[in-house]
Amino acid sequence: MRIELLSFSCIPLDEGEDAFLRHSHFCFLVDGISRACSHQLVRHRVASYSQQSQRYVSMKDFPYVKPKTVEGKVVEIDGLKMDFDGLMRFIGKFYEALVEEGVPKEDARFVLPNACSTRIVFTMNGEELVHFLRLRTCNRAQWEIRDMAIGILKILIKRFPKVFSKVGPNCYYLGYCTEGKKSCGKQDEVRAFFSNLSSS
Ligand SMILES: Cc1cc2nc3c(=O)[nH]c(=O)nc-3n(C[C@H](O)[C@H](O)[C@H](O)COP(=O)(O)OP(=O)(O)OC[C@H]3O[C@@H](n4cnc5c(N)ncnc54)[C@H](O)[C@@H]3O)c2cc1C
């Protein structure tokens, strides 16, 4: 996963942190995340997105994201044994064969998996970015979008420490967990992690 802060436009911090967040915009490029991850990202509505097309870009030999949990797992179906990488190669070949048969890329892509990696550019204002980071740096968030959110936060802390070193999941940002029964119960550990992030 590659994350880059492509551009930002900010007002001076002298106007206050609330005003800074309200009137500032941040544009990020994220490359090499799965479609499963980008699908979660684009649920955040107060933002603009541009994503690599699967209609026009060929997905022959498509790159993909492999969760650690599938490493070493071999599945047998109807006498055919296959691991995760084998299945990805098989899907890639199936996709390629469809395109060679004259199926348009926009239809052949229907066989592609959530694991397929993608590139996305998005712009959020500071308030939305903080909202996004509070939700997605939380232990309750899915691991890939959490990794992405932490990567984004690291960049922001380096560039704007005064504002973003306070940001993290609610147990760190607000000082208490808002997840109720779904809480991970590891608030001390999580707070220590984000506190280290802002001081390193
Ligand atoms: C741990 C986790 C698990 C999730 N699981 C699921 C799931 O199982 N199924 C599922 O469908 N989704 C799931 N989601 C996605 C979730 O439901 C939200 O769609 C996503 O987090 C976007 O957050 P949001 O709606 O608060 O804010 P954003 O879309 O980022 O908007 C920010 C805030 O702006 C305001 N806002 C935005 N648009 C409007 C509007 N049209 N009208 C009024 N106010 C608006 C709201 O106050 C909102 O909180 C999950 C999210 C998380 C973090």
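The figures that follow rest on heavy atoms only: side chains count, while hydrogens, waters and symmetry mates do not. The chain is numbered in sequence order, starting from 1. Counting starts at 1 for both ligands and their atoms, in listed order.
Distance screen at 4.0 Å: atom 14 (N) of ligand 1 has no protein heavy-atom neighbour inside the cut-off. Counting only heavy atoms, the protein gets under 4.0 Å from atom 37 (C) of ligand 1. Within a 4.0 Å radius of atom 6 (C) of ligand 1, the protein has no heavy atom. Inside a 4.0 Å radius of atom 53 (C) of ligand 1 there is at least one protein heavy atom. Atom 44 (N) of ligand 1 lies below 4.0 Å from none of the non-hydrogen atoms of the protein.
Among His131, Arg134, Arg140, the residue whose heavy atom lies nearest to atom 24 (P) of ligand 1 is His131. For atom 29 (O) of ligand 1, the choice among Glu179, Arg45, His39 with the nearest heavy atom turns out to be Arg45. In this structure, of Gln40, His44, Glu128, Met124, the residue bringing a heavy atom nearest to atom 31 (O) of ligand 1 is Glu128.
With a 6.0 Å radius and a threshold of 12 heavy atoms from other residues, nucleotides or ligands, Lys93 has its NZ atom at or below the threshold. In this structure, Glu76 places its CD atom where more than 12 heavy-atom neighbours from other residues, nucleotides or ligands lie under 6.0 Å away.
Within the listing of ligand 1, atoms 10 (C), 11 (O), 12 (N), 17 (O), 19 (O), 22 (C), 29 (O) sit less than 4.0 angstrom from a heavy atom of Arg43. Within the listing of ligand 1, atoms 31 (O), 34 (O), 37 (C) sit less than 4.0 angstrom from a heavy atom of Val46.
A distance-only check finds a donor-acceptor pair linking the side chain of Ser165 to the backbone of Pro161 [under 3.5 Å]. In terms of modelled atom types and a separation under 3.5 Å, the side chain of Asn170 and the main chain of Tyr173 share no donor-acceptor contact. Judged by distance alone, the side chain of Arg159 and the main-chain N or O of Leu156 form no donor-acceptor pair under 3.5 Å.
For the side-chain contact (heavy atoms from CB on, under 4.5 Å) with Asp147, the lone residue among Met1, Gln142, Arg136 that qualifies is Met1.
Taking all atoms of both residues into account, the shortest heavy-atom contact from Ser53 to Met59 is O-CE, 4.2 Å.
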Check: Step by step, would you call Phe28 with Tyr49 a ring pair (Phe, Tyr, Trp, His ring centres under 6.0 Å)?
Finding: CA-CA 10 Å; Phe28 281 94; Tyr49 301 97; over 10 Å; no

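For atom 21 (O) of ligand 1, the closest non-hydrogen atom on the protein side is Arg136 NH2, 3.4 Å.
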